[in-house]
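Quick notes on the structure that follows.
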Amino acid sequence: MDRYNPQKIEQKWQKIWEETQPFSAGADGKDLPKDQNTPKVFLAEMFPYPSGAGLHVGHVRNFTIVDVLARFYRQQEMNVLRPFGYDTFGLPAENYAIKTGISPQEATATNIKNFRKQLKRLGFAIDWSREINTSDPEYYRWTQWCFLQLYKKGLAYRKESYQWWCPVDQTVLANEQVENGHCWRCGSEVEKKKMKQWFFKITDYADELLSDIDQLDWPDKIKTMQRNWIGRSDGAEIEFEIISEGEESAGDFKIKVFTTRPDTIFGATFLVLAPEHPAVSKLVTDETREKVDAYRTDALKKSEIERQENKEKTGVFTGSYAINPATGEKIPIWVSDYVLMGYGEGAIMAVPAHDERDFEFASKFDLPVKQVIEKPDNSTDGEQCYHGEGKLVNSGHFDDTDTSDAREVVTAWLEEQGVGKQKVTYKMRDWLISRQRYWGCPIPIAYDKDGNEYPIPEDQLPVLIPEVEDYKPDNSGRSALAKAKDWLKVDIEVKDEKTGKTHTETMTRETDTLDGYACSSWYLWRYASPHDNQHAWSEDAIKYWAPTDVYVGADHAVAHLLYIRFWCKFFADQGYLPFREPIKTLLYNGYINAPDGKKMSKSKGNVIDPLDIIDEGYGADTLRTYEMFIGPYDLDAAWDPKSVGGVYRFLNRCWTLCFGGSAGTGSKKQAESIPTLAIRHKTIKKVTEDIHRHSFNTAVASLMEYVNELYKIGAKTEDLITLAKLLKPFAPHLASEMLEKLESDDIWPTWDEKYLKKDTIELIVQVNGKLRAKLSVPVEALEDQAKLEELAKGEPNVQKFTKNGIKKIIFVKKAKLLNIVAAK
RNA sequence: GCCCGAGUGGCGGAAUUGGUAUACGCGUUCGACUUAAAAUCGAAUGGAAUCUUCCAUAUGGGUUCAAGUCCCAUCUCGGGCACCA
């Protein structure tokens, strides 16, 4: 007998799969399969960034989950779409280019080639005719098309916003790249620069994005994170009239605030504005101007992280007062950085008696605190600052109203007075998509000499990324695209509104590129018809294949998974998609850590390279099966080199069973005498159900049990066929080799309940819930409770524990269990 | 601080709807084969004992005939959010 040689059989089957391309989803190179009445399943992983380092074990776990499902459904003769793609834009390729001069285009091509080669060595059942790559002009042409659709509907827009700017590196910095007000690279002090940036108006869909979360078959963790991210708050917007010092009234000048507690308005003893609030400059007086300006400048310098770290309240008085519309009292207006410009109105009414932050501020600056809710006697809430519910006091004609009712009643009253209204506010902000970077999808916009925007006409797409020699951003504050002087100029046809005549104008292109998340916000739909050169996706193909049935990944809980939902809803509204949620089931897999339990990292030198595992002689089948066996897919797990050996032993035993050799001494003795039907059908059921519920580790465990059993009682051909079929999703090469020898197809087996029924069952006898005896009884006996009770009472061990008599007996037929409640 | 999730042998973990706790794998020990080792095959393996009984699912309570599973409190770890009015 040949020994189990993964190297040999894996090469053999990979060559066969390469030649026959058995995993094509469509018929004869088309998008759709022949028989579209057959149920479909569309499976995908979150496509990877193809790094130069190649696959790591985390990728393998992620992709194997998808592959097990793909092969499982394929064996069940469903139409399976299991494509693959590469998310290739991004900073690593650009930094590499700056360092080496090798273009991102070239580096990306090399990396994809390497990835593809490695993926094939893992035996993934990928439809290779559908590979996509976000930096391929044939792909990003349609990313630009998507942008233009959003633009047309006013959901892609430009606005001024503050960005971190390093004056030495001449570049914009992300919030996380600013440490203590200094650039993380050069250490120089950064400044906030107001820049015009592109945004997608995701907030238009805030409500639907929130409410549709309920219907998703996604992990609760992710759903909660998305809910929190969207952060809906129901409350009221209230207007406060302003009176400047020395003047009676400032006319129509009013400050709007947002509050979730309009019921506490009688307790609002001052207003606080964010430092960036545009009204601040109008509120300062000659005495306060200098101090307020200094405070504002200082606040602008601080990063948001710093603002959060330093919770000590700071602030300055503007010198102006507002009128509390409920009490008519004159209340001071302050400026403080604990109020954020980006949320609500950027201004609050402070109710120090019932809000912790306002209380802190009032204490520090000696501002009045006015209680308006009576704290119930049984409340354990803080002494000084009660935020719970209760009855209103000091609130005029609302006294004695319950706060829970008062929110609505007070809002209605404010509305009557014309000073307030109901308002819903979200934490989520619009999605900033401008990136001053070279290696991204160019934004298809041009500007005329006056700076007016013009979309690049759809028939001129793609706006290609120009070739440049130096990828570094320069002191213009624009991406390296600006260095391509010829590329910058573009002729756009302009129609004169009045005359209706058109003329051609030479304009300047936008040099910002799109956030990479834009490219990944529609790629799942591209998979349905990846070669369509007339549309981003074809109507028929998308109708059959999409939405994605199972999507597997380990990252992007909020960003990507929220953006793709947003685009889905937008394109559904435009009539391009016949569904409003892109992903039915989301599997969020855990990470694989190093054997020491720490994160794998090059610097720690604890990285396990999956290709090494294959090459050491274990093979891809062992690697795949081990990663499914390592633990529940959604939990982090530590790599255990010893356990890899255990899985290899298991596959070796499968091989031995099938190809002969020293399979258990028992097989010789009992081979044909003992029926294996029961264990066979039990295993089919268990593995099938386990895969359905994504319990891959227990599916593998039950295959191990089956093999152990077959070693003891001997395997019939039907057992070997069953084993190979059930094993195939996990270890496809070995299973294919077995099925070839056994001359069998790979169609998923079904189980028959009749083989799972036994003639005799084991009756569990408990006394007071503790196991005291196990009785072997005929199945029919389960129908006769009285007889079972007799039998149980006859057991010496039962008698021993029921000396003082029996109170009652509980019989659970389903559990085959009898619990005797003994008297004391 | 707030919101989730988790805590089970020496280790990774199983127990799907409240019903036999510890499946499967690793490790360890013993045995077979071998001159020997590896590989392979077989057996044992939660702890303690008075040897078939007690104690064990982070800790302390509770509900129940019955709790790893449900409820309350506490501790530890992981993740997320974090001045969002």
Side-chain angles (χ1 to χ4, degrees), chain A residues 3 219-225 227-229 231-233 235 257-261 264 272 304-305 307-313 336-340 342-351 355-358 360-361 425-429 557-558 590 626 629-632 634-647 649-650 652-653 656 661-666 686 689-690 692-693 695 697-705 707-708 711-712 762-774 797 800-801 807-812 814-822:
Chain A
R3 297 185 103 188
D220 287 336
K221 185 174 94 178
I222 311 295
K223 296 211 272 188
T224 306
M225 280 167 74
R227 281 192 195 101
N228 292 343
W229 183 264
R232 180 186 159 117
S233 288
V257 306
F258 173 73
T259 179
T260 53
R261 296 296 301 268
T264 62
V272 188
E304 303 213 350
I305 294 158
R307 280 202 198 179
Q308 287 154 15
E309 269 171 3
N310 184 12
K311 300 229 168 153
E312 177 81 4
K313 296 279 179 291
S336 173
D337 65 5
Y338 85 91
V339 175
L340 307 173
Y343 183 75
E345 302 294 336
I348 60 152
M349 63 175 210
V351 185
D355 182 283
E356 203 81 48
R357 298 150 300 181
D358 298 344
E360 257 178 63
F361 195 81
T425 298
Y426 300 90
K427 278 191 206 174
M428 185 169 66
R429 319 284 156 88
V558 180
Y626 170 65
F629 184 63
I630 195 167
D634 56 338
L635 298 183
D636 290 353
W639 187 270
D640 180 4
K642 290 264 175 60
S643 288
V644 178
V647 171
R649 271 194 281 283
F650 158 64
N652 213 343
R653 281 158 75 85
T656 305
S662 56
T665 46
K686 177 82 171 124
E689 290 181 348
D690 278 356
H692 272 301
R693 68 188 179 104
S695 183
N697 56 329
T698 56
V700 174
S702 64
L703 285 171
M704 288 172 168
E705 278 181 78
V707 167
N708 292 345
Y711 259 64
K712 279 184 202 144
E762 199 174 52
L763 181 76
I764 303 303
V765 182
Q766 298 179 331
V767 177
N768 293 338
K770 282 195 174 155
L771 178 68
R772 294 302 175 195
K774 290 180 184 179
N797 206 32
K800 191 170 147 194
F801 287 94
K807 251 204 248 169
K808 62 172 166 174
I809 298 178
I810 287 158
F811 177 55
V812 188
K814 223 177 104 189
K816 296 166 217 143
L817 177 145
L818 203 62
N819 190 16
I820 299 171
V821 186

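Protein chains get the first letters and strands the later ones, always in sequence-line order, with residue 1 at the start of each.
For Ser336(A) and C83(B), the shortest distance from a side-chain N or O to OP1 or OP2 is not below 4.0 Å. At the phosphate of G42(B), neither OP1 nor OP2 sits under 4.0 Å from any side-chain N or O atom of Asn708(A). Using a 4.0 Å cut-off, no side-chain N or O of Lys712(A) falls inside it from OP1 or OP2 of G42(B). Under 4.0 angstrom from either OP1 or OP2 of A39(B) there lies no side-chain N or O belonging to Arg653(A). Residue Arg649(A) has a polar side-chain atom (N or O) positioned under 4.0 Å from OP1 or OP2 of G27(B).
Rounded to an integer number of Å, the gap from NZ of Lys642(A) to P of A39(B) is 11 Å. In this structure, the CD atom of Glu356(A) is 19 Å from the P atom of A82(B), given to the nearest Å. Rounded to a whole Å, the NZ atom of Lys427(A) is 6 Å from the P atom of A85(B). Rounded to a whole Å, the NZ atom of Lys814(A) is 9 Å from the P atom of G18(B). The separation between Asn768(A) atom CG and A66(B) atom P is 7 Å, rounded to whole Å. Atom C1' of nucleotide C51(B) and atom CG of Asn797(A) are separated by 13 Å, given to the nearest angstrom.
Remark: A58(B) base-pairs with U74(B). Criterion, Watson-Crick or G-U wobble with two distances under 3.5 Å. Across all strands shown, U40(B) forms a Watson-Crick or G-U wobble pair, both distances under 3.5 Å, with A32(B). Applying the Watson-Crick and G-U wobble criteria (two distances, each under 3.5 Å), A82(B) pairs with nothing in any strand. For U17(B), there is no paired nucleotide, since no Watson-Crick or G-U wobble pair has both relevant distances below 3.5 Å. In a base pair of the Watson-Crick type (N1 to N3 plus N6-O4 or O6-N4) or a G-U wobble (N1-O2 and O6-N3), with each distance short of 3.5 Å, U53(B) is matched with A48(B). Of the nucleotides present, G10(B) is the one that pairs with C26(B) by Watson-Crick or G-U wobble criteria, both distances under 3.5 Å. For U69(B), there is no paired nucleotide, since no Watson-Crick or G-U wobble pair has both relevant distances below 3.5 Å.
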Base-contact (B) and sugar-phosphate-only (S) positions in nucleotides 1-12 of chain B, heavy-atom cut-off under 4.0 Å, - elsewhere: -----------B
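Across the P atoms, U64(B) and G27(B) are found 47 Å apart, a figure rounded to whole Å. The separation of A21(B) from G7(B), taken at their C1' atoms, amounts to 16 Å, rounded to a whole angstrom.
Its glycosidic angle being within 90° of 0, G9(B) falls on the syn side.
The distance between the ring centers of Tyr626(A) and Trp639(A) falls below 6.0 angstrom.
Where Gly646(A) and Thr425(A) meet RNA chain B, the nucleotide closest to each residue was compared, and Gly646(A) sits on the side nearer the 5' end. If you find the closest nucleotide of RNA chain B to Leu817(A) and to Glu360(A), the one lying nearer the 5' end belongs to Leu817(A).
Minimum atom distance to the side chain of Asn819(A) is reached by A66(B), of the listed A66(B), C24(B), A85(B). For Tyr338(A), counting side-chain heavy atoms from C-beta on, the closest listed nucleotide (A23(B), C83(B), C81(B)) is C83(B).
Asn697(A) comes within 4.0 angstrom of the backbone, heavy atoms only, and of no base.
For the atom pair CZ (Phe258(A)) and CD (Glu345(A)), the distance works out to 9.0 Å, reported to the nearest 0.5 Å.
One side chain, Arg653(A) or Asn708(A), offers a donor N or O that lies under 3.5 Å from an acceptor on the other.
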